[in-house]
Amino acid sequence: MALSSSVHLVLVFLTTEVTLSTGSNECVARNFGHGSVVCECNSTHCDSVGSVTLHPLGQFSSYLSSRTGSRLEAGGGAVQGNSTGEGLRLTIVPYQKYQKIRGFGGAMTDAAAINILSLSAGAQDQLLRQYFSPEGIGYSVVRVPMASCDFSTRLYTYADTPGDYNLDNFTLAPEDIKMKIPLLQRAQALSPVPLSLLASAWSAPAWMKTNGALIGKGSLKGQPGGKEHKSWAQYYIRFLEEYAKYNLTFWALTTGNEPSAGHITNYSFQALGFTPEEQRDWVALDLGPALHASSHPHTHVLILDDNRLLLPHWAKVVLSDIHAGKYIHGVAVHWYLDSLVPAEISLGVTHHLFPEYYLFGTEACSGFSPLDRGVKLGGWDRAEHYARDIIEDLNHYVVGWTDWNLALDQTGGPNWVKNFVDSPIIVDAKRDVFYKQPHFYSIAHFSKFLLEGSQRVGVLANQHTDLEYTAFIRPDGSVVLVVLNRSSTVIQFEVWDPAVGYISSTVPDHSLLTLAWNTQ
Ligand SMILES: *[C@@H]1O[C@H](CO)[C@@H](O)[C@H](O)[C@H]1NC(C)=O
Ligand SMILES: *[C@@H]1O[C@H](CO)[C@@H](O)[C@H](O)[C@H]1NC(C)=O
Ligand SMILES: *[C@@H]1O[C@H](CO)[C@@H](O)[C@H](O)[C@H]1NC(C)=O
Ligand SMILES: *[C@@H]1O[C@H](CO)[C@@H](O)[C@H](O)[C@H]1NC(C)=O
Ligand SMILES: *[C@@H]1O[C@H](CO)[C@@H](O)[C@H](O)[C@H]1NC(C)=O
Ligand SMILES: CC(=O)N[C@H]1CO[C@H](CO)[C@@H](O)[C@@H]1O
């Protein structure tokens, strides 16, 4: 396509800017032979696009990541007055309005904290900046496991004294006090916005449980309203109170990680079984009233915290009950098994049945499948998997998406049951470096641009396309469109935003593109 001289000038200007900004911030690419590259960071260097300011009205900004090695590569051009008149056109439909974004983030597990702290102070700082500072990728949500989970090095809860129904011996662990809390405080200090902390428990203390153990098949003894159920609700309150002493207040808590796991015989790590009926009654009789009477009554309560295949049934059971429903704000979903359950019949139906409750992604990771286990440095397929899932979730009313471990070591741990997986940041403590995986950038294409309050709007394609996309209008009126192409063909397309005009673009094979433009 021929460029008009004014567009040409713009591109020259952009090229200069990119050169200047990448002079000290470019990706130090390393190829480990898994299809694409990782970017290596150390205590003095880490690639970053900086804090993004969009080009003025009449131009668009673009950011591209690709299998061939682009990582949030900045570009842009002029918004045109006319259509090119051929090919695929994506039309922004601003009057079709959907959900508003809450935020994106990851989990401060014991393993993540151990890995971050295994680096030198300078490299720790670089790593935290990558996620939380204005130069970073805009994380504002941090999920914090309450006591141990599989990504711990030992089994513990905060109230392991048998029979301690009053929780007199409730005490945070060294993992909280020496590792997670100081890191969360540092993350908060780097963040331009208050972090939205989200608490999830894996298991109740063994003495509260039917199986007398943190792992395996087991649930709380007795019935909702009984003393174990009451103590378990108080345990959450005590957790919120203890963290508040460190100036860390929680936006939300979930009713417990993966309640379905606690119904699996010999389940290999920490779990607490709930049926939807038991969860409903526990919220109505114990957790809800305890939270309401506590010093943290505004903490949001998210149910499920498990795979979406349990929807809409789980939501129907819990949310149809007004005694439980009045204490609940949202439904938390994990991404495992997403390929087995279409988003429309799980997320979509749940949203349409209960539009006053939001949907929130609370866990996802690569490398969990037995066929594709653990860390794969530079695996682009994992970047596509993330992007695909985020787009699908966002297009089905999800308001936020939380990754699993913020950082892991090269084996995908530590994890006391060797349930090793991948993470967007892999730490090599021996060399005092960390690697940013392709899926780090995948999340960034959304998290850095979809600020809190951004509202999803409609997008219409004029012909069939296998491109995957989602569009939002940000609080300042600017538009963000993210497009994923998982195929091996390059094709030109254009975007029409009736408010500003036409944007002509291409999304190369195996790439992810964020386009953004001002409308005023
Ligand atoms: C960090 O990486 C940069 C870029 O590769 C390099 O120039 C610098 O020497 C490294 N710093 C340390 C402390 O290794
Ligand atoms: C758009 O196309 C029409 C008809 O081809 C032409 O008359 C007009 O000048 C074009 N406008 C712009 C802004 O290029
Ligand atoms: C539990 O707390 C009580 C009262 O504070 C104390 O006397 C006791 O030693 C504690 N027990 C354990 C096992 O920590
Ligand atoms: C507590 O955190 C808030 C931000 O979340 C900050 O403004 C305030 O200064 C902190 N207070 C203390 C005592 O650290
Ligand atoms: C569970 O573990 C016990 C003890 O190791 C074993 O005997 C039993 O066969 C296991 N059950 C299943 C279903 O794996
Ligand atoms: C899988 C996929 O999305 N492939 C698309 C990549 O982009 C070209 C151009 O739009 C399409 O032809 C492919 O179908």
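Just follow the structure's listing: the first ligand is 1, and inside any ligand the first atom is 1.
- Cys41 has its SG atom within less than 2.5 Å of the SG atom of Cys46.
- Residue Thr265 has no N or O atom closer than 3.5 Å to an N or O atom of ligand 5.
- Protein heavy atoms are found less than 4.0 angstrom from atom 11 (N) of ligand 5.
- Numbered from 1 in the order shown, with element, the atoms of ligand 1 that lie under 4.0 Å from a heavy atom of Asn42 read 1 (C), 2 (O), 3 (C), 8 (C), 10 (C), 11 (N), 12 (C), 14 (O).
- Of the protein's heavy atoms, Val28 CG2, 3.8 Å lies nearest to atom 5 (O) of ligand 1.
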> Is there a side-chain hydrogen bond (donor to acceptor under 3.5 Å, both in side chains) between Thr362 and His334 once you walk through the steps?
Replying inline: CA-CA 6 Å; Thr362 48; His334 293 188; 3.3 Å; yes
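- Taking a cutoff of 4.0 Å between a charged side-chain nitrogen and a carboxylate oxygen, Glu40 and Arg431 qualify as a salt bridge.
- The closest protein non-hydrogen atom to atom 13 (C) of ligand 1 is Ser43 OG, 3.8 Å.
- Distances from atom 1 (C) of ligand 5 to the protein include at least one heavy-atom value under 4.0 Å.
- Partner of Lys448 under the side-chain contact (heavy atoms from CB on, under 4.5 Å) criterion, out of Thr514, Val49, Ile443: Val49 alone.
- Phe440 pairs in a side-chain contact (heavy atoms from CB on, under 4.5 Å) with only one of the listed residues (Val38, Asp403, Leu72, Ile425), which is Ile425.
- Ranking protein heavy atoms by distance to atom 8 (C) of ligand 5, first place goes to Asn266 ND2, 3.7 Å.
- Taking the centre and axis of the six-membered ring of Tyr235, the NZ or CZ atom of Arg238 falls outside the cone set by 45° and 6.0 Å.
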